[in-house]
Undergrad: 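Below is one structure. I have some questions about it.
For reference, positions follow the sequence shown, starting with 1. Below, each value reflects all heavy atoms present in this structure, side chains not excepted, and no hydrogens, waters or symmetry copies.
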Amino acid sequence: MIKQPKYTIGVDIGTTSTKAVLYQEDLQVVDSTYVGYAISQTEAGMAEQDPKAIFQAVLSVIRTLMEKDKEIKNQVDFISFSSAMHSVIVVDEKDELLTNCIIWADNRPADLVAQLKETTDWRALYQKTGTPVHSMTPLSKIMWLKEYFPTILQKAKKIIGIKEYVLYQLTGEYKIDYSIASATGLFNIRELAWDKEILELVEIEESMLSQPVDVTHRWQTIREFYAEQMAIDSKTDLVIGASDGCLSNLGVGAMDPGETAITIGTSGAIRMVTNQIVLDAEGRTFCYYLSKNRWVIGGAVNNGGNVMAWLTSVLYPEGRQLMDNKVETELEQLNRLAEIVTPGADGLFFLPYLNGERAPLWESEATGSYIGLASRHTTGHMVRAAMEGVMFNLYEVWQLIQEVGGPSKTIKVTGGFLNSPLWKQMLADIFGRPMQQPTSFESSCLGAVLLGKVDNEILESSIIQHKPVLLDQKTEPEIWMQPNEQTTENYKKIIPTYQKLAKEMTKVRKILGEVN
């Protein structure tokens, strides 16, 4: 009798879309798909999403994969989940929604966070949780709901995140993995339990939160109704998985000491894996759980590719442009204009804090600005300065991560910014280091599947041996971009000026705050 091959599915519930990848047993990619959804921002600081739309996206991506390969319905070993962090959803006694999904980018708790830092030993909170005190966290969002919508919390049965919402629909149980929990600001990372003192601070009962479980936790059945909608066997295992950032490191194989992962999409992050809890005395870095004896430290920024999206909408509000007798996308034209500008944009600097900032500032109220603008500057200068500003900011985060976690030996990069050759070269030049582009596809989905393939007791040793592969690409990641030595030397002179300006603009923002 011929043994039937087994398949696995990795699902990543992201900020702008949900992606799913179908893998063979040897981790070769069979197929992938995604479904996008909107962010509601109808008032200042707001960033919310419809949980039902996201759940439907999860059902849709799995169904799409299964309908393309109907004969393997009973051959899927498990589905494992990755998810964005820091979301808050409140449900009532009937498990109905009382709020939308308030995501990490929601900045409305900023004033309350500022008050908390003035009245509380916020560093002690950070030392317990490994999560910087910032408006991104569920801790701050619960404070905000308590202050402005107390009746919602009075009606609340559970306060959960988006992955918990999805998995409750599929299983009927409220559980949260240690990785997502460690990013809430409510979870004691040494005890791997909800911190009782912090819950008292925000005045919520532990029963209002999901049960924390390890990242390899499994369910062995799916609610029949939703299994049918996904065109999958209801006996297919579900693996709870972990957070997207942690799983991205696992997916690209950046798991050894000194291996650094940089992801730049809408936002960005720099992460390293350690075998113990590592914290910054000033609370400027995060430390999230990945697996037993594996912690991911790093810093996330609010402003990455969204800076270019904003600049595109400002410079080209009417869409595609006709240039040189061909239609270019807005981004293609902006990249072309920036390419002819010398590094440093002829003295023009851009602070990329369009949506407040996490690392390295941790200022929810931070705003962006051009500095040094003169009549000699063109559209290309503005574009290059914006791109450099994002990279200068990440460079400062990288310096901080190395202070806390030790020097980087290798740097592996992923994200949508890889579509821009200029931005890739700029990253190598500013960091002054060779960059590797791993061959793994949708690294967070792959990381989720890897968690499901091993028992937690052997996870620590197994994941380090993992070498990501694609169907047609089975070699080690190769260096894809070397820094230009002369350009790197030029940036070494420019970066300190940027960093001084970033510090000085904090004073300017305080003045603007007094006016507004």
Undergrad: Measuring from Leu27:CG to Thr8:OG1, what's the distance to the nearest 0.5 Å?
TA: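 With rounding to 0.5 Å, CG (Leu27) is 6.5 Å from OG1 (Thr8).
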
Undergrad: In terms of side-chain geometry, is the basic nitrogen of Glu43 or Arg108 positioned less than 4.0 Å from the acidic oxygen of its partner?
TA: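 Salt bridge between Glu43 and Arg108, a charged N being under 4.0 Å from a carboxylate O: yes.
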
Undergrad: Any chance you could measure Ile180, atom CD1, to Ile13, atom CD1, to the nearest 0.5 Å?
TA: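 Rounded to the nearest 0.5 Å, the CD1-CD1 separation comes out at 8.5 Å.
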
Undergrad: Verify the distance criterion only: is there a donor paired with an acceptor across the side chains of Asn335 and Ser420 at less than 3.5 Å?
TA: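 Yes, a side-chain donor-acceptor pair sits under 3.5 Å.
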
Undergrad: Given side chains that start at C-beta, do those of Ile142 and Leu186 come closer than 4.5 Å, heavy atoms only?
TA: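 Of all side-chain heavy-atom pairs linking Leu186 with Ile142, at least one is under 4.5 Å.
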
Undergrad: Once ring-ring contact (aromatic ring centres under 6.0 Å, His included) is applied, do any residues pair with Tyr34, and if so which ones, sequence neighbours excluded?
TA: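 So Tyr34 forms no ring-ring contact (aromatic ring centres under 6.0 Å, His included) with any residue.
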
Undergrad: Stepwise, does the side-chain contact (heavy atoms from CB on, under 4.5 Å) test hold for Arg284 with Trp362?
TA: CA-CA 7 Å; Arg284 296 169 297 175; Trp362 296 105; 3.9 Å; yes

Undergrad: State which residues pass ring-ring contact (aromatic ring centres under 6.0 Å, His included) with Tyr7; sequence neighbours excluded, sorted by chain then number.
TA: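 Checked Tyr7 against ring-ring contact (aromatic ring centres under 6.0 Å, His included); zero matches.
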
Undergrad: For Asn303 and Asn355, run side-chain hydrogen bond (donor to acceptor under 3.5 Å, both in side chains): C-alpha distance rounded to whole Å, both residues' side-chain angles, the deciding distance at 0.1 Å, then the answer.
TA: CA-CA 7 Å; Asn303 302 284; Asn355 300 287; 3.1 Å; yes

Undergrad: Can you tell me how far the CE atom of Met208 sits from the CD1 atom of Ile160, to the nearest 0.5 Å?
TA: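 Result: 11.5 Å between the selected atoms.
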
Undergrad: Any chance the side chains of Asp12 and Ser82 put a donor and an acceptor closer than 3.5 Å?
TA: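 Side-chain D/A pair, Asp12 to Ser82: present.
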
Undergrad: Find the distance between CG (Asp233) and CD (Glu224) and round it off to the nearest 0.5 Å.
TA: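 Here the interatomic distance stands at 8.0 Å.
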
Undergrad: Given the rule in the side-chain hydrogen bond (donor to acceptor under 3.5 Å, both in side chains) test, do Tyr165 and Ser87 qualify, once you have shown the distances and angles that lead to the verdict?
TA: CA-CA 10 Å; Tyr165 177 80; Ser87 58; over 6 Å; no

Undergrad: Between Asp237 and Arg218, is there a salt bridge with N-O shorter than 4.0 Å?
TA: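 Yes, this pair counts.
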
Undergrad: Which residue pairs pass the ring-ring contact (aromatic ring centres under 6.0 Å, His included) test with at least one member in residues 40-79, sequence neighbours excluded?
TA: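 For residues 40-79: Phe55-Tyr226.
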
Undergrad: Checking Glu388 now: which residues fulfil side chain to side chain contact (heavy atoms under 4.5 Å, CB included) with it, not counting sequence neighbours?
TA: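 Per chain and number, Glu388 pairs via side chain to side chain contact (heavy atoms under 4.5 Å, CB included) with Pro343, Ala345, Arg384, Phe392, Met426, Tyr491.
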
Undergrad: More than 12 foreign heavy atoms under 6.0 Å from CD of Gln220: is that the case here?
TA: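 Incorrect, the count does not exceed 12.
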
Undergrad: Apply side-chain hydrogen bond (donor to acceptor under 3.5 Å, both in side chains) to Asp95 and list each qualifying residue two or more places apart in sequence or on a separate chain.
TA: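 Checked Asp95 against side-chain hydrogen bond (donor to acceptor under 3.5 Å, both in side chains); matches are Lys157, Tyr168, Tyr174.
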
Undergrad: Please lay out, stage by stage, how Leu290 and Trp295 fare under the test side-chain contact (heavy atoms from CB on, under 4.5 Å).
TA: CA-CA 5 Å; Leu290 171 57; Trp295 301 87; over 6 Å; no

Undergrad: Do Tyr316 and Gln333 pair up side chain to side chain, a donor and an acceptor below 3.5 Å, judged on atom types alone?
TA: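 A pair is found: one side chain offers a donor N or O, the other an acceptor, under 3.5 Å apart.
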
Undergrad: Indicate yes or no for a side-chain donor-acceptor contact from Lys19 to the backbone of Cys445 under 3.5 Å, with no hydrogens or angles considered.
TA: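 Side chain of Lys19 to backbone of Cys445, a donor-acceptor pair under 3.5 Å: no, none is there.
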
Undergrad: Could you tell me whether the side chain of Met481 reaches within less than 4.5 Å of the side chain of Leu427, counting heavy atoms only?
TA: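 Leu427 vs Met481: side chains apart.
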
Undergrad: Can you name the residues that form a side chain to side chain contact (heavy atoms under 4.5 Å, CB included) with Ala47, not counting sequence neighbours?
TA: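 Counting only residues at least two positions away or on another chain, Ala47 forms a side chain to side chain contact (heavy atoms under 4.5 Å, CB included) with Ile39, Gln41, Ile103, Ala105, Asp106.
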
Undergrad: For side-chain hydrogen bond (donor to acceptor under 3.5 Å, both in side chains), just list the numbers for Asn393 and Glu357, CA-CA rounded to whole Å, side-chain angles, deciding distance to a tenth of an Å, and then say yes or no.
TA: CA-CA 10 Å; Asn393 196 45; Glu357 192 50 282; 3.0 Å; yes

Undergrad: Say whether Thr414 and Thr263, considering side chains only, have a donor N or O and an acceptor N or O under 3.5 Å apart.
TA: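 Thr414 vs Thr263: donor-acceptor pair found between side chains.
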
Undergrad: Give the C-alpha distance, both sets of side-chain angles, the deciding distance and a yes or no for side-chain hydrogen bond (donor to acceptor under 3.5 Å, both in side chains) between Gln211 and Lys175.
TA: CA-CA 5 Å; Gln211 178 190 356; Lys175 296 186 186 296; 2.5 Å; yes

Undergrad: If you look only at distance, which donor and acceptor atoms sit under 3.5 Å apart when one is on a side chain in residues 56-70 and the other is two or more places apart or in another chain?
TA:
from: Arg63; atom 1: NH1; to: Gln229; atom 2: O; distance (Å): 3.2
from: Thr64; atom 1: OG1; to: Ser60; atom 2: O; distance (Å): 2.9
from: Lys68; atom 1: NZ; to: Asp31; atom 2: OD2; distance (Å): 3.4

Undergrad: Spell out, as yes or no, whether a donor-acceptor pair under 3.5 Å connects the side chain of Asn306 to the backbone of Gly304.
TA: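 Yes, Asn306 side chain to Gly304 backbone: donor-acceptor pair under 3.5 Å.
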
Undergrad: Are side-chain heavy atoms of Pro212 and Phe187 found at a separation under 4.5 Å?
TA: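 Yes. Closest side-chain heavy atoms under 4.5 Å.
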
Undergrad: Can you find a heavy atom in the side chain of Ile79 that is under 4.5 Å from one in the side chain of Val239?
TA: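 SC-SC contact between Ile79 and Val239 ruled out.
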
Undergrad: Out of the candidates Thr42, Thr99, Asn100, only one should pair with Glu48 under the side-chain hydrogen bond (donor to acceptor under 3.5 Å, both in side chains) rule; please name it.
TA: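 It is Asn100; the other options fail the test.
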
Undergrad: Of all residues at least two apart in sequence or in a different chain, which pass the ring-ring contact (aromatic ring centres under 6.0 Å, His included) check with Tyr23?
TA: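 Tyr23 satisfies ring-ring contact (aromatic ring centres under 6.0 Å, His included) with no other residue.
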
Undergrad: Do Asn302 side-chain atoms and Gly268 backbone N/O form a donor-acceptor pair below 3.5 Å?
TA: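 No; zero donor-acceptor contacts below 3.5 Å.
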
Undergrad: Is the side chain of Thr171 donor-acceptor paired with the backbone N or O of Glu173 at a distance under 3.5 Å, no angle test?
TA: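 Confirmed, Thr171 side chain pairs with Glu173 backbone.
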
Undergrad: Closer than 3.5 angstrom, by distance alone: can the side chain of Gln425 be matched with the main-chain N or O of Gln482 as a donor-acceptor pair?
TA: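 Yes, the answer is positive, given that a donor and an acceptor are paired below the 3.5 Å cut-off.
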
Undergrad: Side chains of Ile297 and Tyr288: does their closest heavy-atom pair fall under 4.5 Å?
TA: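 A side-chain contact is absent here, since even the closest heavy-atom pair is not under 4.5 Å.
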
Undergrad: Could you pull out all residues at least two apart from Glu339 that satisfy side chain to side chain contact (heavy atoms under 4.5 Å, CB included)?
TA: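 Once residues adjacent in sequence are excluded, the partners of Glu339 under the side chain to side chain contact (heavy atoms under 4.5 Å, CB included) criterion are Leu422.
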
Undergrad: Test of understanding: with side-chain hydrogen bond (donor to acceptor under 3.5 Å, both in side chains), list the residues that count as partners of Lys158, not counting sequence neighbours.
TA: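 Testing Lys158 for side-chain hydrogen bond (donor to acceptor under 3.5 Å, both in side chains), a comparison that skips the adjacent residues, returns none.
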
Undergrad: Below 4.5 Å, heavy atoms only, C-beta onward: do Arg358 and Ser267 meet side chain to side chain?
TA: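 A side-chain contact under 4.5 Å exists here.
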
Undergrad: Please tell me if the side chains of Met308 and Leu331 come closer than 4.5 Å, counting only heavy atoms from C-beta onward.
TA: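 In short, these two side chains touch, coming nearer than 4.5 Å.
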
Undergrad: Taking ring-ring contact (aromatic ring centres under 6.0 Å, His included) as the test, write out the residues that go with Phe350, two or more places apart.
TA: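 In terms of ring-ring contact (aromatic ring centres under 6.0 Å, His included), with neighbours along the sequence ignored, Phe350 is linked to Tyr370.
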
Undergrad: Just how far is it from atom CD1 of Ile411 to atom CD of Glu259, taken to the nearest 0.5 Å?
TA: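 Atom-to-atom, Ile411:CD1 and Glu259:CD are 11.5 Å apart.
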
Undergrad: Check for a donor-acceptor pair, side chain of Thr129 on one end and backbone N or O of Gly185 on the other, with a separation under 3.5 Å.
TA: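 The answer is no, because no donor-acceptor pair under 3.5 Å joins these two groups.
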
Undergrad: Taking Asp214 for the side chain and Thr216 for the main chain, is one N or O donor matched with an acceptor at less than 3.5 Å?
TA: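 Not a single qualifying donor-acceptor pair exists.
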
Undergrad: Supply the atom-to-atom distance Met272 CE to Thr260 OG1, rounded to the nearest 0.5 angstrom.
TA: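 If we round to the nearest 0.5 Å, Met272:CE and Thr260:OG1 are 4.5 Å apart.
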
Undergrad: Answer yes or no: is there an ion pair linking Lys163 with Asp177, defined by an N-O contact shorter than 4.0 Å?
TA: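 The answer is yes: the pair qualifies as a salt bridge.
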
Undergrad: In the structure I gave you, are the side-chain heavy atoms of Arg271 and Ser248 within less than 4.5 Å of one another anywhere?
TA: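 Yes, close enough: below the 4.5 Å cut-off.
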
Undergrad: Can Arg433 be said to sit on top of Trp398's aromatic six-ring, NZ or CZ under 6.0 Å from centre and within 45° of the ring axis?
TA: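 The answer is no; the distance or angle limit is not met.
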
Undergrad: Kindly write out the residues that satisfy side-chain hydrogen bond (donor to acceptor under 3.5 Å, both in side chains) with Glu442, not counting sequence neighbours, or none if the list is empty.
TA: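 Listed in chain order: nothing, the list is empty.
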
